[in-house]
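We count residues from 1, following the sequence as given.
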Amino acid sequence: MSTLVNDINLRPQSLIEYIGQKKVVKTLRLFLDAVKKRGIASEHILLYGPPGIGKTTLAFIIAHELSGDIKITSGAAITKVGDLAAILTNMKTNDILFIDEIHRLPKSVEEILYPVIEDYALDIIIGKGPAARTVRLPIPKITIVGATTKLALLSGPLRDRFGLILRLDFYQEEEMITIIEQTARKLSVPLDPKSARHIAKRSRRTPRIANRIIKRARDVIEVNKLKLVTMDLLDELFNLLGIDELGLTDMDIKYLRLIGEKYQNTPTGIETISLSLSEDRQTVEEFIEPYLLQLNLIKKTSRGRTLTAKALKHLRLVSSSKELEQDRLV
């Protein structure tokens, strides 16, 4: 129970406390101020971007700013129209309905959501065949906040019904350091600036990963009754977690070595990579490749994936001078 409380407390409660995503925060501030002046929300919000960068946190902040409750669900959890109806009929004006991974909503549920978004009405079909009729039920003036890691998989009609579409991106290193120091204070983890920067470099520019590392560091210092998170402790922890100096995991390294060593850095197709790693294609494309692309460690071409000079140097596979020159010309 105490762990759950700590996890909730890690979330900022207002936009003033929120770190990073400056353009998104500025746009949301304008939206929320306008809503407060009108007294009721008139637009719904769609957040998209990589996992772990604050979409759910922003939904909590919106609910807090609008003085409403938040109901959380996911696209995969709403399997039939009745599931959506049960949620909507128990909500109040100014409440927030947060739908995570909204692109996974079944088509039948998605279509029922259209009048909810546009007219605050729920259309229920009663009966079957010729005797079937539609009953329109009014619902409270709520704000729907959708979140997705795959904007392209969201249907056009659903996407276009959101009045505010915001993209969240990976954080800068200095922003990560601020988040890490803030989390360490909340969890009472003694962390110096050097250690905070060390964690930031291995957090994949993602707050969720940084928070996870700090929690494990807290476990180590509590078990061993230490007074400070030292560099030696962090190095030991990163070794235990399988995270190297660039924030790469064992699976990331396996991916890079597969292309660099087994296939001699020739263009390698995604299907070949997936089969060789014993992972499905979706996992490779969504959870392994984005960070490698961010770090400029791989190149995606029409013929397949290859490693950059930076990746080859990191793996110590070749002298990178020739490869580096080729990268500059691309």
Point-to-point distance, once rounded to the nearest 0.5 Å, from CG of Leu168 to OH of Tyr48
9.5 Å
Between Thr183 and Asn211, is any side-chain donor less than 3.5 angstrom from a side-chain acceptor?
yes
Supply the atom-to-atom distance Thr56 OG1 to Phe60 CZ, rounded to the nearest 0.5 angstrom.
7.5 Å
For the pair Arg161 and Glu43, find out whether any cationic side-chain nitrogen is under 4.0 Å from an anionic carboxylate oxygen.
no
Stepwise side-chain contact (heavy atoms from CB on, under 4.5 Å) test for Leu312 and Leu256
CA-CA 9 Å; Leu312 293 170; Leu256 295 174; over 6 Å; no
Do Arg104 and Ser74 have side chains that approach each other closer than 4.5 Å (heavy atoms only, starting at C-beta)?
no
Closest approach of Tyr255 to Val284 (non-hydrogen atoms, all atoms of both residues):
CE1-CG1, 3.8 Å
Residues forming a side chain to side chain donor-acceptor pair (under 3.5 Å) with Thr268, sequence neighbours excluded
none
Taking a hydrophobic cluster as the set of Ile, Leu, Val, Met, Phe, Trp and Tyr residues connected by side-chain heavy atoms closer than 4.5 Å, whether directly or through intermediates, do Leu191 and Leu237 fall within one such cluster?
yes
Could you tell me whether a side-chain N or O of Asp252 sits under 3.5 Å from a main-chain N or O of Thr249, the two making a donor and an acceptor?
yes
Do Arg257 and Leu317 make a side-chain contact, defined as non-hydrogen atoms from C-beta onward lying under 4.5 Å apart?
yes
Around Lys36, counting heavy atoms of other residues, nucleotides and ligands shown, do more than 12 lie under 6.0 Å from its NZ?
yes
According to the interplanar angle, ranging from 0 to 90°, do the rings of Tyr120 and His44 count as parallel (below 30°), tilted (30 to 60°) or perpendicular (above 60°)?
tilted
Side chain to side chain, His198 and Asp235, heavy atoms closer than 4.5 Å:
yes
Cut-off 3.5 Å, no hydrogens considered: what does the side-chain donor-acceptor table look like for residues 224-233, sequence neighbours left out?
from	atom 1	to	atom 2	distance (Å)
Asn224	ND2	Val220	O	2.9
Thr230	OG1	Leu233	N	3.1

List the atom pairs, with distances to 0.1 Å, where a side-chain N or O of residues 76-92 and a protein N or O form a donor-acceptor pair under 3.5 Å, not counting sequence neighbours.
from	atom 1	to	atom 2	distance (Å)
Thr79	OG1	Asp83	OD2	3.0
Lys80	NZ	Asp83	OD1	3.4
Asp83	OD2	Thr79	N	3.1
Asp83	OD2	Lys80	N	3.3
Thr89	OG1	Ala85	O	2.8
Thr89	OG1	Ala86	O	3.4
Asn90	ND2	Ala86	O	2.7
Lys92	NZ	Asp69	OD2	2.8

Answer yes or no: is there a side-chain heavy-atom contact under 4.5 Å between Tyr291 and Pro50?
no
Give a yes or no answer on whether the side chain of Gln21 reaches the backbone of Asp169 with a donor-acceptor pair at less than 3.5 Å.
yes
Nearest atoms (heavy-atom pairs only) where Glu65 meets Leu15
OE2-N, 3.4 Å
Is any side-chain heavy atom of Pro207 closer than 4.5 Å to one of Met176?
yes
Test item: side-chain donor near acceptor, Ser203 and Tyr171, under 3.5 Å
no
Does a salt bridge link Asp33 with Lys37, judged by any charged N lying under 4.0 Å from a carboxylate O?
no
Tell me, do Leu277 and Thr283 make a side-chain contact under 4.5 Å, heavy atoms counted?
no
Interatomic distance, CG@Leu66 vs CD1@Ile96, rounded to 0.5 Å, equals 5.0 Å
Within 6.0 Å of NZ in Lys194, more than 12 heavy atoms from elsewhere:
no
Do Lys55 and Glu101 sit within salt-bridge range, that is, some charged N less than 4.0 Å from a carboxylate O?
no
Shared hydrophobic cluster for Leu122 and Ile99 (ILVMFWY, side-chain gaps under 4.5 Å)
yes
Any heavy-atom pair between the side chains of Tyr18 and Leu28 that's under 4.5 Å?
no
side-chain contact (heavy atoms from CB on, under 4.5 Å) between Lys186 and Arg11, intermediate numbers included:
CA-CA 10 Å; Lys186 289 182 178 180; Arg11 298 187 190 277; over 6 Å; no
Are Leu315 and Glu261 close enough, and set up right, to give a side-chain contact (heavy atoms from CB on, under 4.5 Å), and what steps lead you there?
CA-CA 10 Å; Leu315 297 176; Glu261 294 179 343; over 6 Å; no
Pairwise distance CG(Leu97) to CD1(Ile117) - rounded to 0.5 angstrom:
9.5 Å
Return yes when atom CD of Glu17 has more than 12 non-hydrogen atoms of other residues, nucleotides or ligands closer than 6.0 Å, and no otherwise.
yes
Judged by atom type as modelled, is there a donor-acceptor pair below 3.5 Å linking the side chain of Thr206 to the main-chain atoms of Arg204?
yes
Which value, rounded to the nearest 0.5 Å, describes the distance between Lys299 atom NZ and Ile259 atom CD1?
11.5 Å
Check: Arg159 side chain, Leu154 main-chain N or O, donor-acceptor pair, under 3.5 Å:
yes
What is the distance from atom CG of Leu30 to atom CG of Leu164, rounded to the nearest 0.5 Å?
9.0 Å
More than 12 foreign heavy atoms under 6.0 Å from CZ of Arg303: is that the case here?
no
Answer yes or no: is there a donor N or O on one side and an acceptor on the other, between the side chain of Arg202 and the main chain of Ile243, under 3.5 Å?
yes
Decide salt bridge (charged side-chain N to carboxylate O under 4.0 Å, His left out) for Arg197 and Glu174; before the verdict, give the C-alpha distance in whole Å, the side-chain angles of both, and the deciding distance to 0.1 Å.
CA-CA 8 Å; Arg197 186 171 294 276; Glu174 293 304 318; 3.0 Å; yes
So do Asp244 and Phe238 actually touch side chain to side chain, heavy atoms under 4.5 Å?
no
Check ion pair Glu173-Lys201 (N to O, under 4.0 angstrom)
yes
